[in-house]
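Take a look at the structure below.
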Amino acid sequence: MHNREQISHDEYQKTADWLMCKTKHRPQVAIVCGSGLGMLADTLKCQDSFAYSDIPGFPQSTVQGHAGRLVFGDLKGKSCVCMQGRFHMYEGHSLIKTTFPIRVFKLMGVETLIVTNAAGSLADGLKPGDIMLIKDHINVPGLVGLNPLCGPNDDKFGPRFPAMSGCYDKGLRCLAMELAKQLDITGLVQEGVYAMVGGPNFETIAEARLLHRLGVDAVGMSTAPEVLVATHCGLRVFGLSLITNKVVKSYEDTESVNHEGVLEVGRLRSQTVQQLVTELIGRMEINNNDNTNNVA
Ligand code: HPA
């Protein structure tokens, strides 16, 4: 399957230039806030914010719980940009549109991407409220050709056949674990494998069992496309899932998941996730090469 829609380098550059005219911030770190986790953006200092609807070229977010704003500001001495609300495949956006902001961030000089999401757990040891540091992913839509990197390759961003082993930076995962110890939340934090499914429906029991057998620890409806595009253009990536529910794997189980429940757990744990991400940003080392306007 091919993405018919293509976005030229010039179009990404136009959006990056528009933003760089409107704000003095030159972000080093970009953060994609998942369902119920958007409050992190409110903690940025010296904010400049833009509704997605005002940014040339940006898609519009349509999901309840996703505000639809880009917020620039400083956090722990680092210049950051937060996506308060992300784009999903199930909203009907093409994958190239859902990942549009990532390449714009690259052109603005971002070097590290932090992705957060809400996810259901398949692993017995992961409970609602736990935080899973993403060690690797299975991109289920990608396995059948739904991949934002399909179509002509733009060599200015990255290679035709990018490696994805190691796409979740090990150093940042180790640092996050160390910070979890300092914050006294080690009981809540573990590493695991995330699977992206297309959604918008939650999994059938047979699908949940399939994913579990494939070694998946948590499942959600986002993240993989952004990580592919970020890795392709050389960004360092850190990802975490907030576990909001157990995925039903048994025909005996009478509970079922719903979006409100997912948002509720997001709100309850948002402070903790926020703390961990904030500390991580404070402690991460940034390679200060200015790559604004000079991708490859
Ligand atoms: N499945 C898929 N996506 C999700 C889930 C789930 O159980 N919970 C939160 N996002």
Side-chain angles (χ1 to χ4, degrees), residues 31-40 61-67 83-93 95 98 114-144 146 168 188-228 239-270 272-274 277:
I31 306 134
V32 181
C33 302
S35 304
L37 299 171
M39 274 157 52
L40 181 72
S61 169
T62 62
V63 192
Q64 186 204 347
H66 295 258
M83 283 184 72
Q84 217 175 23
R86 64 143 61 80
F87 309 111
H88 302 86
M89 199 172 100
Y90 62 74
E91 293 174 84
H93 299 297
L95 287 169
T98 64
I114 297 179
V115 277
T116 67
N117 60 46
S121 86
L122 291 155
D124 295 330
L126 273 173
K127 301 176 300 302
D130 284 353
I131 294 168
M132 186 185 85
L133 310 185
I134 306 176
K135 160 170 93 179
D136 202 351
H137 75 220
I138 295 180
N139 174 19
V140 177
L143 297 179
V144 295
L146 281 170
Y168 295 90
L188 296 181
V189 183
Q190 53 189 293
E191 287 192 350
V193 173
Y194 174 84
M196 178 202 176
V197 293
N201 60 286
F202 292 106
E203 298 64 45
T204 64
I205 291 172
E207 287 165 349
R209 290 179 169 194
L210 171 76
L211 293 170
H212 186 50
R213 285 196 186 174
L214 291 178
V216 173
D217 298 302
V219 56
M221 303 174 193
S222 67
T223 302
E226 291 113 314
V227 172
L228 294 178
L240 69 76
S241 295
L242 173 62
I243 303 301
T244 52
N245 57 285
K246 281 237 158 227
V247 178
V248 178
K249 288 190 301 217
S250 157
Y251 290 99
E252 259 66 275
D253 208 326
T254 51
E255 298 225 343
S256 68
V257 56
N258 61 69
H259 186 53
E260 288 64 40
V262 166
L263 291 181
E264 183 59 22
V265 177
R267 275 191 288 271
L268 288 175
R269 268 284 188 263
S270 60
T272 312
V273 174
Q274 208 169 289
V277 171

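Order of appearance sets the numbers: ligands from 1, and atoms from 1 within every ligand.
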Just to confirm my output: which protein heavy-atom neighbour is closest to [atom], and how far is it?
{"atom": "atom 6 (C) of ligand 1", "value": "F202 CD2, 3.4 Å"}
{"atom": "atom 3 (N) of ligand 1", "value": "G220 CA, 3.3 Å"}
{"atom": "atom 10 (N) of ligand 1", "value": "A118 O, 3.4 Å"}

Quiz prompt | Where Y168 and V227 come nearest, the two heavy atoms and their spacing | solution =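 That closest heavy-atom pairing would be OH-CG2, 3.5 Å.
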Within the distance-only criterion (no hydrogens, no angle test), does the side chain of [X] pair as donor or acceptor with the backbone N or O of [Y] below 3.5 angstrom?
{"X": "D253", "Y": "S250", "result": "no"}
{"X": "Y194", "Y": "S222", "result": "yes"}
{"X": "Q190", "Y": "G125", "result": "yes"}

Quiz item: Which atoms of ligand 1 sit under 4.0 Å from any heavy atom of T244?
Solution: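 Close to T244: 8 (N), 9 (C).
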Practice problem: Could you list the atoms of ligand 1 found under 4.0 angstrom from a heavy atom of V247? | Solution: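 Selected atoms, number and element: 7 (O).
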Exercise. Taking the side chain as every heavy atom from C-beta outward, state whether V197 and E207 have any atom pair closer than 4.5 Å.
Key: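 No, too far: nothing below the 4.5 Å cut-off.
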Quiz item: Under 4.0 Å from ligand 1, counting heavy atoms only, is it the side chain of N245, its backbone, both or neither?
Solution: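 For N245, the contact with ligand 1 is made by the side chain alone.
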Practice problem: Sort out for me which residue in T244, I243, V265 forms a side chain to side chain contact (heavy atoms under 4.5 Å, CB included) with D130. | Solution: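 Only one option passes, and that is I243.
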Quiz prompt | Identity of the nearest option to atom 1 (N) of ligand 1, non-hydrogen atoms only, from E207, E203, K246, M196 | solution =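 The residue whose heavy atom sits nearest atom 1 (N) of ligand 1 is E203.
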